[in-house]
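Taking it in order: structure first as structure tokens, then the write-up.
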Amino acid sequence: MSTETPERASDDPTLEGSYDPTEIESRWQRRWVDEGTYAYESDPERDPNTVYAIDTPPPTVSGSLHMGHLYGHTLQDFAARFQRMADGDVLFPFGYDDNGIASERLTEQELDIRHQDYERREFQELCREVCTEYEAEFTDKMQDLGCSIDWSNTYKTIEPRVQRISQLSFLDLYEQGREYRKKAPAIWCPECETAISQVEMEDDERHSHFNDIAFEVVGGESEERRSSDGRAENPRDPPREEFVISTTRPELIPACVSVFVHPDDDENQDLVGESARIPIFGHEVPIIADDRVDMEKGSGIVMCCTFGDQKDIEWYQAHDLPLRVAIDESATMTELAGKYEGLSTEEAREAIVEDLDEEGYLRDRWEITHAVGVHERCDTPVEFRVSKQWYVEILDHKEEYLEAGREMEWYPEKMFTRYRHWIEGLEWDWLISRQRDSGIPFPVWYCEECDHPVMAEREDLPVDPLSDEPPVDACPECGHDAFEAEEDVFDTWATSSLTPLINAGWDWDDESEEFVMDHPELYPFDLRPQGHDIISFWLFHTIVKCYEHTGEVPFDATLINGHVLDENREKMSKSRGNVVEPDDVLAEYPVDAVRFWAASAAVGDDFPYQEKDLRAGEKLLRKLWNASKLVDTLAPADPDEPDELEAIDRWLLAELDDAIAELTDYFENYEFAKARDRLRTFFWNTFCDDYLEIAKGREDNPSTGYALRTAHRTFLELWAPFLPHVTEEIWQALYADGQPRDALESIHTRDWPVPRGYEADLEAGETAMEVISALRRYKSENQLPLNEALESVSVYGSVEGFEDAIQNVMHVRTLEVLEEEPEVTTEVASIDLDYATLGPEYGAKVGEIDAGIEAGEYEIDDDAGVLRVAGEELADELFEVDLERTYSGDGRMIETESAVVVLEDD
RNA sequence: GGGUUGGUGGUCUAGUCUGGUUAUGACACCUCCUUGACAUGGAGGAGGCCGGCAGUUCAAAUCUGCCCCAACCCA
């Protein structure tokens, strides 16, 4: 656009022309990274209280950068930039989360390979290579956001150092007796042939059929007899011939292990304690009462199979039922399914329904649509399978974890409730093993003979039992010499819950035989930022792990950010097609403007993407730029402070002091939206609209010159956490010492402003601004240009010291400050009561008092200073009389909140 | 189904914990104004009775109960 702009050195900021964010923002982003402006230099001796450390969330870099990343990191950056200026050392690290199924898939696609064809260690090597490209791309995009991340302080969850920490964590918890291995069901994807965690499963609407199947009731048996040998000895007569259950999955009937009836279900109570014979397959199962049965659904009688759904698992565990596995890991029917063996579940379903029908057991069949749990990656309906799993014991420490949550500061406070409810509702220990082909391996082997677990030695970590040998030749338990490698890998939360320990450089020290940290001054971390949707995952698990390893709560505070919604306040989703891409936003708007928008929401609240807020941000950047140009023409860059500041200048600096104090408070409490609004209002309205206009008429005044420059420098510093690029550009153009090619003295490493202690009559200043604005309104209403001269103005009100300012800015020829109220006749317009005092004192009488005043039935006794109404005598401080003035002199009278202005304009 | 959070002019929101009678600001809208940087600027105006109902209170956007709506978490 600006082809005629003379070319200049790219690192030579000037205020010439208008602000060009495209060129300027990327220039600073490069320079900050090149110069290591935000590098954290560790010093283990440093007092932890003077270091501000953020435990940043590691995004999955094989995915794309979305608005959530942008918003989350921008929030963290507000905190980081403020703390860096206010307190000095800040660690703002960055993590890449590559250790997951996403990067596994990506590697397979990119290289056109299958992970099954490689040894796990080899495959992971390939993963690391593939991910490196994506990491580089992600890094570029993150750097485009201008966050003050220390790019020399990064980690990848797939790297050996992190694998070592994960395995150390496992060994430590095992030695503490906080981990155990047990046979239990897991969610299984038959397409991927892997166990998946609950978060990887989603609901999907599918067409299916409900099948009503008749089960024959056979001779009942007592609880005692059944538990002795599992067979009915003396069958009683069955209460009825049969009953009907409804199921969408008839192929599971060979896996049926029991039938349930609700204890309040009077109609079917007769069945409890009896047995049912499964059609076609012929095996008998007990009928049991349980209140988890949904009586409203179907016949109210439900079969339990191992396993059709999560409720089956609950029942299986609660009633100690046997395991009948009819479906294998690839969703093929097993031997247990008899003649259906080898069929897929779908084939078996049809075949079994047909046979049931033929034999008269199928009573009804109709089409339905219902929610089915599917694997989010391949949309395959999941199965549930039993395998041996590792667990971290957490149920016995619920109280400790709750207490840890109480010890942290929560921003916003209300988010603690979610954490508390999550913990209170915990019913299962934490399952940490995943039967995946890649991930961080459990460092464990088992004795082939006695199944005794053999743990890896700490100094050997990281190990992969599939490639490495166990550290012993013979089983310490039974002496057997052959071992089986554990094939499972850790749940990704088991690794990402260690980020504070990764960032602090946690490791085992052989010499001292204890865990140590490379950067102990960082731990506990000052801030854990994250979204509210993963409080029960990331935050909770981090607290569990770090608390068990260090005995300390890992964070002083947690900052829970909301979600970015679309412009209609609806959740962004690919299927709705309302996703806003950061790339598109950044192509159109300056990053600083995007940051201004990001600061608009109260922390923790979901908020919409709003173009108008971005435009407002752009306007602010221009305002700041243009105001800076004006300041630069009005005063020398570095004026000395005069012995005595004039009232108007002292007033500005005193107001500035107030603003600094409030802003500091807001930033310390992560109240970015309040800080943003306070600063914008003060900068735009007070500084630009009021003070700069006045300053234009006081160009050679040393007092004003000093105040202008002091305020301007301070504004740049106060804006710096929000608008890092534009403030840096202006700062370098106007105030930076040294030559352009010297090491950068960035505004972002300066000290945060502190109030300078200016005292001024803020009320007089306020009154003066009221008078100015009244005169402006007068001109506006009379369609006069603002620089139109006014002949004569008189002011009744305290504007001491501001007379010149009023006179200059409003072009008033003669200004007079009146000692006495101008010639007016007054009459009572209204009476304001001080209800806060009046209410508690007079109670129900307040109504009468109000009515009395309303009706004019009152008397003001000026001498006694009381108001007589409704038979009461109200003291002076309880009421205020509002007078309506009628001016009878020459000219025109304008009233403001605290002044009376008389204009003679001819 | 259970829990949590929220519902304030056309839009986004402050205020709600600590009840006090004129509900904050921005954007959009209307009118006017070229003022020594900014018309992508400035001045002014109109617009809401605070999701609904009931209650507590002298007084409710604010406290209590129920209901409706939305999002999230858990089932």
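Please read these numbers as outputs of a predicted model, since none were measured by experiment. Letters A, B, ... mirror the listed sequences (proteins, then strands); counts begin at 1.
- OP1 or OP2 of B:rU16 has not a single side-chain nitrogen or oxygen of A:K414 nearer than 4.0 Å.
- A side-chain contact (heavy atoms from CB on, under 4.5 Å) with A:L723 holds for exactly one of A:L620, A:V591, A:L679; it is A:L620.
- Considering A:L539, A:N561, A:I560 as possible partners of A:H532, the one that fulfils the side-chain contact (heavy atoms from CB on, under 4.5 Å) test is A:I560.
- One finds no side-chain N or O of A:R569 lying less than 4.0 angstrom from the OP1 or OP2 phosphate oxygen of B:rC69.
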Please write out the pairs of protein N or O atoms and N or O atoms of nucleotides 54-63 of chain B separated by less than 3.5 Å, giving the distance to one decimal.
from   : atom 1 : to     : atom 2 : distance (Å)
B:rC58 : O4'    : A:G843 : O      : 3.1
B:rC58 : O4'    : A:A844 : N      : 3.3

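- Comparing B:rU62 with B:rA54, their P atoms are spaced 14 Å from each other, to the whole Å.
- The same atom, P, is picked in B:rC30 and in B:rG7; the two are 31 Å apart, to the nearest Å.
- Ring to ring, A:W315 and A:F260 are close: their centroids are under 6.0 angstrom apart.
- In this structure, the ring of A:W597 has its center no less than 6.0 angstrom from the ring center of A:Y589.
- Comparing B:rG44, B:rA71, B:rU4 by their closest approach to the side chain of A:D606 singles out B:rA71.
- For the pair A:R678 and A:F682, the cation-pi test (distance below 6.0 Å, angle within 45°) is passed.
- At a threshold of 4.0 angstrom between heavy atoms, the contacts of A:W422 are confined to the sugar-phosphate backbone, with no base atom among them.
- Comparing B:rC12, B:rG44, B:rC38 by their nearest atom to the side chain of A:P608 picks out B:rC12.
- A cation-pi contact, defined as under 6.0 Å to the ring centre and within 45° of the axis, links A:R528 to A:W538.
- Nucleotides B:rC68 and B:rA75, compared at atom C1', are 23 Å apart to the nearest Å.
- Of the listed nucleotides (B:rG41, B:rA37, B:rU4), B:rG41 has the atom at the smallest distance from the side chain of A:W684.
- Nucleotides B:rC69 and B:rG52 have their C1' atoms positioned 11 Å apart, rounded to a whole Å.
- Base pairing analysis places B:rA59 opposite nothing; no Watson-Crick or G-U wobble pair with both distances below 3.5 Å involves it.
- Side chains of A:N568 and A:Y609: a donor-acceptor N/O pair is absent below 3.5 angstrom, by distance only.
- When the salt bridge (charged side-chain N to carboxylate O under 4.0 Å, His left out) test is applied to A:E699, no partner is found at least two apart in sequence or on another chain.
- Taking atom P on both nucleotides, B:rG51 is separated from B:rU16 by 15 Å, rounded to a whole Å.
- Residue A:H563 contributes atom NE2, which lies 19 Å from atom P of B:rC12 at whole-angstrom precision.
- Residue contacts for A:K674: at a heavy-atom cut-off of 4.0 Å it reaches the sugar-phosphate backbone alone, with no base atom in range.
- Heavy atoms of A:E618 sit nowhere under 4.0 angstrom from any nucleic acid atom.
- Minimum atom distance to the side chain of A:D533 is reached by B:rC72, of the listed B:rA37, B:rC72, B:rG3.
- Using a 4.0 Å heavy-atom cutoff across all strands shown, A:G604 reaches no nucleic acid atom at all.
- The residue A:D632 sits apart from the nucleic acid: no heavy atom pair falls under 4.0 Å.
- The residue A:E570 sits apart from the nucleic acid: no heavy atom pair falls under 4.0 Å.
- The side-chain tip of A:R868 does not point at the ring of A:Y858 from less than 6.0 angstrom away and within 45° of straight on.
- Between B:rG9 and B:rC27, the two C1' atoms lie 13 Å apart (nearest whole Å).
- A:R676 forms a cation-pi arrangement with A:F596, by the criterion of a distance under 6.0 Å to the ring centre and an angle within 45° of the ring axis.
- For A:S773, whose side chain is taken as the heavy atoms from C-beta onward, the closest listed nucleotide among B:rC74, B:rU4, B:rG44 is B:rG44.
- In a base pair of the Watson-Crick type (N1 to N3 plus N6-O4 or O6-N4) or a G-U wobble (N1-O2 and O6-N3), with each distance short of 3.5 Å, B:rC38 is matched with no nucleotide.
- Across all strands shown, B:rU4 pairs with B:rA71; the Watson-Crick or G-U wobble distances both stay below 3.5 Å.
- In this structure, B:rA23 makes no Watson-Crick or G-U wobble pair, since no nucleotide meets both defining distances under 3.5 angstrom.
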Atom pairs, protein N/O to nucleotides 25-31 of chain B N/O, distance under 3.5 Å:
from   : atom 1 : to     : atom 2 : distance (Å)
B:rC27 : OP1    : A:K619 : NZ     : 3.4

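- Using P as the reference atom, B:rG10 and B:rG47 are 12 Å apart when rounded to the nearest Å.
- Of the nucleotides present, B:rC53 is the one that pairs with B:rG65 by Watson-Crick or G-U wobble criteria, both distances under 3.5 Å.
- Ring pair A:H69/A:H66 is parallel by interplanar angle, where below 30° counts as parallel and above 60° as perpendicular.
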